[in-house]
Amino acid sequence: MSAMVATPNTLTDMSWYPDFGATNHLTPDINTLMTKQDYTGSDQIHMGNGIGLNISHIG
């Protein structure tokens with residue numbers, strides 16, 4: 001299982017919503033990753049409304 005950190009400008013819900021069928025998971029809080037490394041790629045996470053968020057770390 002891998003996780004990525006992507007932080008939107010406005011964050012009101014810090015809860016995790018696991019999807020056990022997913023191969024990747026997201027968190028807005030880098031401290032929830034057991035291992036972490038900087039992400040230097042250009043990929044983004046796209047929200048349901050089409051807004052793309054930059055990925056800052058992977059772990």
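Nothing fancy with the numbering, it's 1 onward along the sequence. Nothing here was measured: the structure is a model prediction, and the numbers come from that model.
- Taken to the nearest 0.5 Å, the CG atom of Leu33 stands 10.0 Å off from the CD1 atom of Ile58.
- Asp38 meets the side-chain contact (heavy atoms from CB on, under 4.5 Å) test with His57; sequence neighbours excluded.
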Which donor-acceptor pairs under 3.5 Å do side chains of residues 40-53 form with protein atoms, sequence neighbours excluded?
{"residue": "Asp43", "atom": "OD2", "partner": "Tyr39", "partner atom": "OH", "Å": "3.0"}
{"residue": "Gln44", "atom": "NE2", "partner": "Asn54", "partner atom": "OD1", "Å": "2.9"}
{"residue": "Asn49", "atom": "OD1", "partner": "Ile51", "partner atom": "N", "Å": "3.1"}

